[in-house]
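For the single chain, residues carry numbers from 1 onward in sequence order.
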Amino acid sequence: MTTLRPFRAVRPVDNAAAARVAALPYDVMSSAEAREAVVGNPDSFLHVDKAEIDLDPSVDLYDDAVYAKAKENLAALLERGVLMHDDRSACFYLYRQTMGGRSQTGVVGCASVDDYLDDRIKKHELTRADKEADRIRHVDTLDANTGPIFLAHRPHHGLAALISGWTSSRAPIYDFMADAEFLAPLVNTAQSARTNEQDSLSSPQSGVHHEVWKVCDVATNLQIAATFADMAALYIADGHHRCASAVKVAQLRRAENPGYSGDEEFNYFLAVVFPEDQLRIMDYNRVVADRAGRTPDELLSVLAEVVTVGEPQDAPYRPTGKHEFGMYLAGSWYPLRARPELIDGSDPVASLDAAWLQTNVLAPLLGIEDPRADQRIDFVGGIRGLDELARRAGSDGVAFALHPVVMGDLFAVADAGQIMPPKSTWFEPKLLSGLFVHELG
């Protein structure tokens with residue numbers, strides 16, 4: 001049994017405001033990219049989620065002034081009438097994103113802190129204390145969840161029918177396109193041609209269509225809540241740090257209020273929950289800065305012990321299936337296939353391509369023992385394209401293109417209570433921040 005409940009959102013006053021406010025998540029761009037993205041737009045939610053952009057660049061990212069500025073900027077959006085408190089009744093919202101002809105529609109509501117603590121909200125990543133600490137201070141200072149957690153659920157025909165009926169019979173409250181200029185900070189290094197894609201996903205420069213419906217009918221809200229109450233588990237797709245931070249703020253509030261009832265808003269956090277059959281995971285690739293002292297020929301020779309190495313080619317090689325890799329080395333791309341005898345199909349983590357590559361190539365051949373801490377390795381989301389891998393590898397490094405993880409793999413790892421290797425999944429499109437804020441007070 002899981003909980004998702006309606007809430008009274010702080011949200012943009014109209015569609016025009018929503019288009020100005022909505023911003024990519026704080027953790028997919030640098031401060032410099034965020035400063036570039038907000039030029040000419042004082043209403044961008046990046047002023048809240050990355051408030052350092054309004055301070056001198058010399059100010060430390062974790063300085064008290066950054067969190068104070070974020071609080072000030074959120075209040076200013078309300079005072080200027082860009083954001084508003086929704087009416088007094090708690091509501092669910094439906095959030096649809098369409099990219100390259102593919103749509104995903106999720107329910108926006110508040111998930112339960114206790115579901116997270118009791119493992120009914122399942123995780124597949126470890127979190128870092130420093131990243132948690134940043135968002136804990138952000139949530140605590142603003143007294144609000146400003147960025148939604150991206151959750152997934154197993155397909156539910158009844159919920160799908162309800163969502164389809166509501167969205168097909170009512171006009172959305174927001175309906176806008178995030179265009180090329182909006183996305184530029186994330187994809188400014190992406191290749192312009194993506195002809196090796198396995199499906200019809202268009203270039204990210206074509207933008208993402210965002211639509212939001214407000215569900216204000218009490219009976220329908222009860223039906224949505226009851227549907228989630230029948231689900232055994234929800235799964236974090238993206239936002240492990242935001243989720244863990246929201247939970248830790250709740251625990252702080254509980255300690256400050258020992259007589260809490262459990263119904264207070266701080267016991268819940270902002271989430272958008274999508275059916276897993278609508279979601280698409282993109283590849284998450286690896287670049288190592290050097291070849292650990294080996295020449296290209298020496299590296300190819302030792303690689304042949306663990307993979308089948310195909311003929312070199314000039315064009316980027318995109319893997320077509322699991323246990324297949326594309327490697328960029330010294331100006332050429334090589335198809336690689338893991339040797340079958342080295343694949344453990346019985347272990348949901350060991351059989352993942354990221355884990356296999358770490359165990360059989362990155363650690364023993366390139367000396368990357370701890371990919372979370374080693375500064376020689378970098379991770380590149382598939383949205384940036386394979387040419388970006390080659391650019392980062394240069395003449396001295398080596399890059400590996402991986403086949404995307406599928407949702408079934410993610411669920412299997414989470415259900416087993418295990419953890420995926422770092423940077424295993426890149427979900428696209430990203431959930432925008434600023435369309436919904438959940439106040440904890």
Side-chain angles (χ1 to χ4, degrees), residues 1-10 25-27 49 67 70 74 86 90-93 95 106-154 221-222 224-274 410-411 414-415 417 419 431 433 435-441:
M1 176 178 178
T2 63
T3 299
L4 192 73
R5 75 176 195 173
F7 70 112
R8 185 186 177 210
V10 171
Y26 76 97
D27 54 354
D49 269 354
Y67 305 98
L74 179 59
D86 217 334
C91 300
F92 285 117
Y93 302 83
Y95 180 14
V107 179
V108 184
C110 287
S112 166
V113 166
D114 288 318
D115 283 354
Y116 180 95
L117 294 172
D118 295 337
D119 204 35
R120 290 186 293 273
I121 294 177
K122 296 184 177 291
K123 308 87 177 167
H124 66 267
E125 287 184 7
L126 294 176
T127 56
R128 284 173 38 186
D130 59 335
K131 294 183 70 174
E132 279 189 29
D134 168 50
R135 286 301 104 174
I136 289 170
R137 291 181 67 189
H138 192 272
V139 173
D140 198 32
T141 301
L142 275 66
D143 199 27
N145 305 134
T146 61
I149 313 304
F150 187 163
L151 301 180
H153 65 81
R154 297 188 184 278
N221 283 331
L222 289 172
I224 292 173
T227 299
F228 281 98
D230 285 338
M231 295 182 184
L234 302 175
Y235 297 80
I236 301 177
D238 200 9
H240 281 77
H241 286 92
R242 276 169 282 160
C243 196
S245 301
V247 169
K248 290 185 177 178
V249 170
Q251 291 175 311
L252 290 172
R253 300 292 173 86
R254 288 177 173 186
E256 295 167 355
N257 299 274
Y260 74 92
S261 67
D263 193 51
E264 298 89 352
E265 289 298 328
F266 61 71
N267 295 290
Y268 299 85
F269 57 86
L270 181 62
V272 188
V273 196
F274 293 91
L410 185 153
F411 281 7
D415 285 337
I419 299 298
L431 297 184
S433 295
L435 296 178
F436 320 95
V437 173
H438 170 233
E439 294 183 316
L440 303 185

Return the minimal non-hydrogen interatomic distance between [X] and [Y], and the atom names on each side.
X      : Y      : value
His124 : Ala237 : CE1-O, 3.5 Å
Leu270 : Gly147 : CD2-C, 4.2 Å
Ala414 : Tyr235 : CB-CD2, 3.7 Å
Ser245 : Glu132 : OG-O, 3.1 Å
Gln251 : Leu117 : NE2-CD2, 3.6 Å
Asn221 : Ala90  : ND2-O, 3.7 Å

(request) Determine, for Tyr268 and Arg5, whether the Lys NZ or Arg CZ falls below 6.0 Å from the six-membered ring centre while staying within 45 degrees of the axis. (result) yes
(request) Could you tell me which residues satisfy salt bridge (Lys or Arg N to Asp or Glu O under 4.0 Å) with Arg128, sequence neighbours excluded, listed by chain and number? (result) Asp130
May I ask you to test the [X]-[Y] pair for a side-chain heavy-atom distance under 4.5 Å?
X      : Y      : value
Asp238 : Leu431 : no
His241 : Ile136 : no
His138 : Thr146 : yes
Ile236 : Leu151 : yes

Please report the interatomic distance [atom1]([X]) to [atom2]([Y]), rounded to the nearest 0.5 Å.
X      : Y      : atom1 : atom2 : result
His240 : Phe150 : NE2   : CZ    : 12.0 Å
Cys243 : Glu125 : SG    : CD    : 11.5 Å
Phe266 : Arg254 : CZ    : CZ    : 7.0 Å
Asp230 : Met1   : CG    : CE    : 8.5 Å
Lys248 : Arg135 : NZ    : CZ    : 15.0 Å
Thr227 : His153 : OG1   : NE2   : 9.0 Å

(request) Give the ring-plane orientation class for Phe269 versus Tyr116, where under 30° counts as parallel, over 60° as perpendicular and anything between as tilted. (result) perpendicular
(request) Could you label the plane-to-plane angle of the Phe7 and His438 rings as parallel, tilted or perpendicular, counting under 30° as parallel and over 60° as perpendicular? (result) perpendicular
(message) Set out, in order, the CA-CA distance, both residues' side-chain angles and the distance that settles side-chain hydrogen bond (donor to acceptor under 3.5 Å, both in side chains) for Asp134 and Tyr26, then state yes or no.
(response) CA-CA 11 Å; Asp134 168 50; Tyr26 76 97; 4.9 Å; no
(request) Check the side chains of Asp115 and Thr2 for a donor-acceptor pair under 3.5 angstrom, ignoring hydrogens and angles. (result) no
(request) Verify the distance criterion only: is there a donor paired with an acceptor across the side chains of Arg253 and Asn267 at less than 3.5 Å? (result) no
(message) With a 3.5 Å distance limit and no angle check, can you tell me whether Arg242 reaches the backbone of Pro148 through a side-chain donor-acceptor pair?
(response) yes
